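Hydrogens, waters and symmetry mates are skipped; everything else that's a heavy atom, side chains included, is used. As the structure is a prediction and not an experimental result, all values here were calculated from the model.
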Amino acid sequence: MSSLDINDTTLHYEDEGAGPALLFLHGWGTSGRTWGAQLPDFTRDHRVVTVDWRGCGRSARPVRGNTTAGVVSDLVALIGALRLDRPVVVGSSIGGSFATALGLRRPELIAGVVPVGAPGYWPSAKAQTELVAALHRDRAGTVAGWVPGWYAPGTAPALIDWTVRQILDSGVYIDEHQATADGYDPRPTLPELRVPIHYIHGELDAAIPLEVALTCAALTPGAEVSVIAGAAHMPHQERPDRFNTALRAALARMAQATCGAA
């Protein structure tokens with residue numbers, strides 16, 4: 001178990017393997033453990049870092065800094081402290097939004113972005129307001145009713161229950177991400193992205209529909225999309241073999257693009 005004190009908080013991370021660097025970012029309220037099905041494969045030939053971003057998993061739960069800018073600042077400090085050599089950043093759900101924001105703000109630090117079920121934009125401020133109110137009113141019941149919709153029909157109940165437990169164990173201050181989500185829309189800035197990006201999306205994703213990824217990819221220079229059949233919002237957990245194959249193919253294309261640019 002490793003931890004790092006940065007930006008007035010403490011982040012837990014795991015750092016295994018050797019080779020080109022990968023930085024995995026989990027979604028809202030979960031933890032780096034959600035990438036467990038990727039670690040045995042990718043640590044064979046990559047340096048793989050998973051991090052519990054602030055407020056989640058085994059990291060501290062500070063009152064402040066629970067914003068996209070705050071998390072991106074943490075990631076910049078983490079990359080520097082661990083001396084990660086231009087990692088490809090793979091982010092699930094809001095973690096994909098963080099990865100995209102990092103690519104826009106500090107492209108020199110990373111070699112590419114792989115949003116998974118992300119980045120999302122929400123047309124309804126009312127829906128987000130209602131979600132935040134419900135979390136305050138009945139956190140356990142709201143999370144238990146919401147999370148099953150992240151997964152495709154037939155997903156093992158144990159996986160859904162584990163996800164619910166992770167979220168309930170996270171700090172309440174991460175709700176700020178939900179409270180401000182209706183104001184998040186990456187589309188105007190995506191044409192400015194200057195690092196390779198490859199979207200991986202579950203075909204059955206109801207939380208952030210596939211149409212969102214296709215729209216974002218159409219706005220992003222050189223972007224490609226891989227669709228994971230039979231998966232919803234968490235394809236890396238639902239269909240790990242298919243996801244790992246898609247991610248390896250995306251990494252290979254990014255490496256070729258980087259070599260071509262050089």
Q: Using the test side chain to side chain donor-acceptor pair (under 3.5 Å), find all partners of Asn244 that sit at least two apart in sequence or belong to another chain.
A: Gln38
Q: Not counting sequence neighbours, which residues clear side chain to side chain contact (heavy atoms under 4.5 Å, CB included) with Ala229? List them please.
A: Glu203, Arg242
Q) Taking the side chain as C-beta and beyond, is there a heavy-atom pair between Ser73 and Val76 under 4.5 Å? A) no
**Q.** Partner residues of Tyr199 under the ring pair (Phe, Tyr, Trp, His ring centres under 6.0 Å) criterion, sequence neighbours left out
**A.** none
Q. At their closest point, which heavy atom of Glu238 faces which heavy atom of Thr155, and how far apart are they?
A. OE1-OG1, 4.0 Å
**Q.** Gap between atom CD1 of Ile200 and atom CG of Leu247 - 0.5 Å precision
**A.** 5.0 Å
Q) Mind checking what makes side chain to side chain contact (heavy atoms under 4.5 Å, CB included) contact with Ala69, not counting sequence neighbours? A) Thr67, Arg105
**Q.** Nearest-0.5 Å distance that lies between atom NE2 in His233 and atom CG in Leu204
**A.** 13.0 Å
(Q) Go through it in stages, so that I can follow the logic: the residues are Thr245 and Arg248, the test is side chain to side chain contact (heavy atoms under 4.5 Å, CB included), and I'd like the CA-CA distance, side-chain angles, deciding distance and then a yes or no. (A) CA-CA 5 Å; Thr245 298; Arg248 279 203 173 272; 5.9 Å; no
Q: Determine whether Leu75 and Val89 make a side-chain contact, defined as any pair of heavy atoms from C-beta on separated by less than 4.5 Å.
A: no
Q.
Do Val143 and Val172 sit in one hydrophobic cluster, given that two such residues count as connected whenever their side-chain heavy atoms are within less than 4.5 Å of each other, even indirectly?
A. no
Q: Check the hydrophobic clustering (I, L, V, M, F, W, Y; side-chain heavy atoms under 4.5 Å; chains of links allowed) and say if Tyr173 and Leu131 are grouped together.
A: no
Q. With sequence neighbours excluded, what pairs up with Tyr151 under the ring pair (Phe, Tyr, Trp, His ring centres under 6.0 Å) test?
A. none
Q: Please report the shortest heavy-atom distance between Val195 and Gly103, naming the atom on each side.
A: CG2-CA, 4.3 Å
Q. Taking the side chain from Glu16 and the backbone from Val48, do they hold a donor-acceptor pair closer than 3.5 Å?
A. no
Q: Evaluate side chain to side chain contact (heavy atoms under 4.5 Å, CB included) for Leu23 paired with Leu78, printing each intermediate quantity in order.
A: CA-CA 10 Å; Leu23 174 59; Leu78 179 78; 4.0 Å; yes
Q. Sequence neighbours excluded, which residues qualify as ring pair (Phe, Tyr, Trp, His ring centres under 6.0 Å) partners of Trp146?
A. Trp28, Trp150
**Q.** Heavy-atom side-chain proximity of Pro196 to Glu224 below 4.5 angstrom
**A.** no
Q. Any side-chain heavy atom of Leu251 within less than 4.5 Å of one from His46?
A. yes
Q: Could you list the residues that satisfy salt bridge (charged side-chain N to carboxylate O under 4.0 Å, His left out) with Arg47, not counting sequence neighbours?
A: Asp15
Q: Could you pull out all residues at least two apart from Glu192 that satisfy salt bridge (charged side-chain N to carboxylate O under 4.0 Å, His left out)?
A: none
Q: Check each of Asn7, Leu4, Ile79 against Asp74 using the side-chain contact (heavy atoms from CB on, under 4.5 Å) test, and report the only one that passes.
A: Asn7
Q) Could you state the interatomic distance from OG1 (Thr189) to CG (Asp185), rounded to the nearest 0.5 Å? A) 8.0 Å
Q. Are any of the side-chain heavy atoms of Ile208 and His201 separated by less than 4.5 Å?
A. yes
Q) Which pair of heavy atoms, one from Met234 and one from Ser92, lies closest together, and at what distance? A) SD-OG, 4.1 Å
Q.
Please check: side-chain N/O of Asp52 versus main-chain N/O of His12, any donor-acceptor pairing under 3.5 Å?
A. no
Q.
Determine whether a donor-acceptor pair (N or O, by modelled atom type, separation under 3.5 Å) exists between the side chain of Thr142 and the backbone of Ala134.
A. yes
**Q.** Short side-chain to backbone donor-acceptor contact, Ser31 and Gly57, under 3.5 Å
**A.** no
Q. So, does Ser3 use its side chain to make a donor-acceptor pair with the main chain of Thr10 at under 3.5 Å?
A. no
Q) Who passes side chain to side chain donor-acceptor pair (under 3.5 Å) against Asp175, sequence neighbours left out? A) Arg139
Q) Under a 4.5 Å cut-off applied to non-hydrogen side-chain atoms, are Ser97 and Pro186 in contact? A) no
Q.
His198: which residues meet the ring pair (Phe, Tyr, Trp, His ring centres under 6.0 Å) condition with it, sequence neighbours left out?
A. none
Q: Using the ring-ring contact (aromatic ring centres under 6.0 Å, His included) rule, pick out the option among Trp53, Phe98, Tyr13 that qualifies with His26.
A: Trp53
Q: Quick one: pull up CG in Leu39 and OG1 in Thr50 and give me the separation to the nearest 0.5 Å.
A: 6.0 Å
(Q) Using every non-hydrogen atom in the two residues, find where Ser170 and Cys56 come nearest and quote the distance to one decimal. (A) OG-CA, 3.6 Å
Q | Side-chain donor or acceptor of Gln237 paired with backbone N/O of Leu159 under 3.5 Å | A | no
Q | side chain to side chain contact (heavy atoms under 4.5 Å, CB included) involving Arg64 - partner list, sequence neighbours excluded | A | none
**Q.** Minimum-distance pair of heavy atoms, taken over all atoms of Gln166 and Thr30
**A.** OE1-C, 3.7 Å
Q.
We want to know whether His236 and Trp35 form a side-chain donor-acceptor pair, criterion being a heavy-atom distance below 3.5 angstrom.
A. no
Q: Is it possible for you to say whether Val72 and Leu11 belong to one hydrophobic cluster, with membership spreading through side-chain heavy-atom contacts below 4.5 Å?
A: yes
Q: Flag yes if Ile174 and Val63 sit in one hydrophobic cluster, no otherwise; membership is Ile, Leu, Val, Met, Phe, Trp, Tyr, and two members link when side-chain heavy atoms are under 4.5 Å apart.
A: no
Q. Which pair of heavy atoms, one from Ala60 and one from Thr9, lies closest together, and at what distance?
A. CB-OG1, 3.4 Å
Q) Quick one: does Arg86's side chain have a donor or acceptor within less than 3.5 Å of a partner on Leu84's backbone? A) no
Residues 108-117 side chain polar contacts: donor-acceptor under 3.5 Å, at least two apart:
unit_1: Glu108; atom_1: OE2; unit_2: Arg106; atom_2: NE; d: 2.5
unit_1: Glu108; atom_1: OE2; unit_2: Arg106; atom_2: NH2; d: 2.8

Q: Working to the nearest 0.5 Å, report the span between CG of Leu190 and CZ of Arg187.
A: 9.5 Å
Q: Could you grab the distance from atom OG1 of Thr100 to atom CD1 of Ile94, nearest 0.5 Å is fine?
A: 11.5 Å
